[in-house]
Amino acid sequence: MVFYTNLKSMFVEILFIFLLLISFSICPQRALSNRFDPSPLSTNFLFGTASSAYQYEGAYLSDGKGLSDWDVVTHKTPDKIKDGTNGDIAVDQYHRYLEDIDLMEAMKVNSYRFSISWARVLPKGRFGEVNSGGISYYNRLIDALLLKGIEPFVTLSHFDLPQELGDRYEGWLSPESQEDFVYLADLCFKSFGDRVKYWATFNEPDYLITYGYRKGIAPPFRCSKPFGNCSEGDSEKEPYLAVHNIILSHAAAAYIYRTKYQAEQGGKIGIVLHFDWYEPISNSMADKLATERARSFTNNWLLDPIIFGEYPPVMQKILGDILPKFSNNNKEKLKSGLDFIGINHYASYYIKDCIYSKCEPGPGITRTEGLFQQSAEKDGVPIGKPTSIDWQYVYPQGMEKIVTYVKTRYNNTPMFITENGYGELDNPNNTEEQYLNDFDRKNYMAGHLLSLLEAIRKGADVRGYFAWSLLDNFEWLQGYTVRFGLHHVDYATLKRTPRLSANWYKEFIAKHKTEVFRQEK
Ligand SMILES: *[C@@H]1O[C@H](CO)[C@@H](O)[C@H](O)[C@H]1NC(C)=O
Ligand SMILES: *[C@@H]1O[C@H](CO)[C@@H](O)[C@H](O)[C@H]1NC(C)=O
């Protein structure tokens with residue numbers, strides 16, 4: 001009897017494993033689909049792709065556009081860009097936006113994240129006229145998107161700014177820059193806010209400022225030794241001044257939106273930051289504290305003031321007088337100064353403490369940078385699968401972890417994944433088959449999306465996901481040497497071709513739509 005039961009259960013088990021194997025081999029999507037069934041996403045979840053003006057538009061002097069700092073830098077000092085190129089043409093979205101919207105429609109995305117070229121709408125900032133040619137371009141783009149059911153998700157400032165503001169006060173160093181930003185924001189709310197319901201004030205100012213004012217390798221190229229090689233600047237102080245002005249610029253724009261436009265237009269306003277995931281390199285208390293310090297010196301640096309009205313206490317303690325202060329008046333404007341947090345997530349790193357343990361001295365670990373060391377390896381083992389990009393290792397769990405961190409620290413403020421993507425070094429020897437069959441990008445997206453769904457299932461209020469990027473494009477200091485597109489771009493002809501990842505994304509979106517539909521019936 002006992003023997004019989006065992007035999008029977010053994011048979012049942014073998015049959016079960018056999019069926020499981022068959023289902024995996026015949027129908028891998030099916031087996032995978034059980035893992036996201038039921039979909040935790042709401043019907044209005046935004047699936048989109050992301051872009052930015054300077055990286056995409058081209059048309060750098062068309063229809064009255066003024067010069068941006070990136071126009072000037074790429075022309076005057078092309079050696080600062082890896083391949084000596086610029087965004088004069090980029091992927092020419094200014095002239096090809098209808099074709100690009102067709103590509104979006106083919107993927108069935110319901111949102112597109114793009115940025116306003118500040119110098120296109122205000123060639124001299126607030127010191128000149130509004131350029132009607134620029135306003136008209138964004139009107140055409142927005143209308144064409146809406147016609148296809150694609151929500152515009154607009155970033156007001158994505159790195160490029162009018163050269164006029166660079167000349168007048170080195171970008172964000174002067175408190176006057178706040179007035180300039182509010183002037184831009186007000187113009188955009190007034191001109192486009194009847195149709196645009198998602199506004200991000202800034203893209204990755206944490207990153208921009210570190211590159212522009214500490215390392216001095218991006219406009220306005222300010223730094224001091226030993227942090228970098230610049231003619232002017234102060235790497236220990238200026239990043240904190242510049243970010244202070246950016247925080248206050250954000251707060252002032254959000255205040256205007258809320259008091260003057262939001263009731264009527266009904267949109268949301270937030271900010272987009274660059275969120276790497278940080279993992280303590282050991283279980284020691286020192287490394288755990290260092291990891292929290294790393295969060296403070298990168299993202300909480302901006303989010304704490306915008307949401308709580310104060311810089312993180314640990315920054316105040318370490319930086320002392322270097323950190324500017326908020327007046328009581330400012331603090332009032334700052335409290336709860338956003339409707340959503342935009343998360344650009346690409347990579348994860350280990351963090352090691354440099355207060356109690358020894359670190360290689362020099363830039364990267366200094367007091368004004370937070371006294372921690374970041375690395376992608378622990379005991380010679382990388383945190384995830386290496387890629388052709390030196391800073392990118394594939395660690396999908398980082399997505400769930402960073403979203404959960406932000407959820408916990410900021411009381412589940414609504415979040416959007418405003419960028420997530422996989423870069424590949426361009427190899428001109430690749431055959432068409434090689435550059436279109438981007439299995440690695442597809443796997444990266446699948447892993448990160450599954451990880452995101454897990455965070456959402458556990459209660460994170462995430463309302464959208466934007467893949468970086470719709471197309472290969474001008475990747476700032478890397479020029480055209482790195483490709484992130486779901487569509488390949490032939491830079492000689494500007495022809496766009498969907499990669500495997502574009503088709504995979506389309507299927508992923510379609511599946512979620514059916515599941516959500518099924519659940520709601
Ligand atoms: C620093 O910049 C100057 C001027 O551009 C250049 O001549 C020099 O070689 C640079 N030094 C280093 C260490 O990069
Ligand atoms: C492309 O091919 C050439 C000629 O075979 C070779 O010298 C070069 O290193 C290759 N480039 C890359 C990036 O693999």
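Since this is a predicted model, take the numbers as computed values, not measurements. Both ligands and their constituent atoms are indexed starting at 1 by order of listing.
Annotation for I89: atom CD1 does not count as buried by contact number, only 12 or fewer foreign heavy atoms lying within 6.0 Å.
Between F47 and F508, the ring-plane angle classifies as perpendicular under the 30° and 60° cut-offs.
With a 6.0 Å cutoff to the six-membered ring centre and a 45° limit on the axis angle, K385 does not count as a cation-pi contact of Y393. Stacking of K442 on the aromatic ring of F439 is not recorded, the 6.0 Å distance cut-off and the 45° axial limit not both being met.
For Y198 and F416, the distance between ring centers is under 6.0 angstrom. The aromatic ring centres of Y97 and Y137 sit less than 6.0 Å apart.
The 4.0 Å heavy-atom shell around ligand 2 contains residues N427, N429, ordered by chain and number.
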